[in-house]
Amino acid sequence: MFHPTIVLQWCKVLLLLDYSEPEWWTEILKTKRRQPLSKSLSSGSMDNLEMDLDHQKAHCHSEIVRRGGLVLYCDYVCENQEDVEPMTWLIVNHVNDILELSHEPPVHDFIR
């Protein structure tokens, strides 16, 4: 189990150090493949319920990191507009996520 707050703080530190390697951000933003946002609990024994709750908690933490990472990366791209490679990567791979989080100030600034 990991702590989303610590992961996002490290992401912020890495961005302050101008670390924008696509491999790192692919993992943080879950670019390749994401699980669905909602997953129903299976009807089974209490052991299954406990495992499902642990899985949901891990998925929730992962989703917090993904969304927070996207907000941080949009802020980074806005501050480094002269570097078009991160901007292109973000738009090509996360256009739906950007629109979904357009109410967040850094993402809104990126869109403008």
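Across all their heavy atoms, Leu101 and Val107 have their closest contact at O-CB, 3.3 Å. Minimum interatomic distance between Leu8 and Ile64 (heavy atoms only, all atoms of both residues): CD1-O, 4.0 Å. Taking both residues in full, the closest heavy atoms of Pro106 and Cys78 are given as O-SG, 4.1 Å, listed atom of the first, atom of the second, then distance.
In this structure, SG on Cys74 lies 10.0 Å from CE on Met87, to the nearest 0.5 angstrom. In this structure, Thr26 OG1 and Glu21 CD are separated by 10.5 Å, a value rounded to the nearest 0.5 Å. Summarising the geometry, atom SG belonging to Cys11 is positioned 11.0 Å from atom CG belonging to Leu16; distances are rounded to the nearest 0.5 Å. Atom CD of residue Glu79 and atom CZ of residue Phe110 lie 13.0 Å apart, to the nearest 0.5 angstrom.
Below 30°, between 30° and 60°, or above 60°: for Trp89 and Tyr73 the angle between ring planes is above 60°, a perpendicular geometry.
For Asp109, the side chain to side chain donor-acceptor pair (under 3.5 Å) partners at least two apart in sequence or on another chain are Arg112. By the side-chain contact (heavy atoms from CB on, under 4.5 Å) test, Asn96 pairs with no residue at all, sequence neighbours left out. Here Glu27 pairs with Lys30 under the salt bridge (charged side-chain N to carboxylate O under 4.0 Å, His left out) rule; sequence neighbours left out. With sequence neighbours excluded, the residues satisfying side-chain contact (heavy atoms from CB on, under 4.5 Å) with Leu14 are Tyr19, Trp24.
In the hydrophobic clustering, Ile6 connects to Trp10, Val13, Leu17, either directly or through intervening members, whenever side-chain heavy atoms lie under 4.5 Å apart. In the hydrophobic clustering, where aliphatic and aromatic side chains (Ile, Leu, Val, Met, Phe, Trp, Tyr) are joined below 4.5 Å either directly or transitively, Val95 stands alone.
Side chain of Ser62 to main chain of Ala58: no donor-acceptor pair is present (N/O by atom type, distance under 3.5 Å, no hydrogens or angles). With hydrogens and angles disregarded, a donor-acceptor distance shorter than 3.5 Å links the side chain of His61 to the backbone of Phe2.
For the pair Ile28/Leu72, no side-chain contact is recorded, criterion being any heavy-atom separation below 4.5 Å from C-beta on.
Ionic pairing of Asp97 and Arg67 is not present here: no N-O contact between side-chain nitrogen and carboxylate oxygen is shorter than 4.0 angstrom.
Among the candidates Leu15, Leu70, Thr31, the single residue satisfying the side chain to side chain contact (heavy atoms under 4.5 Å, CB included) test with Trp25 is Leu15.
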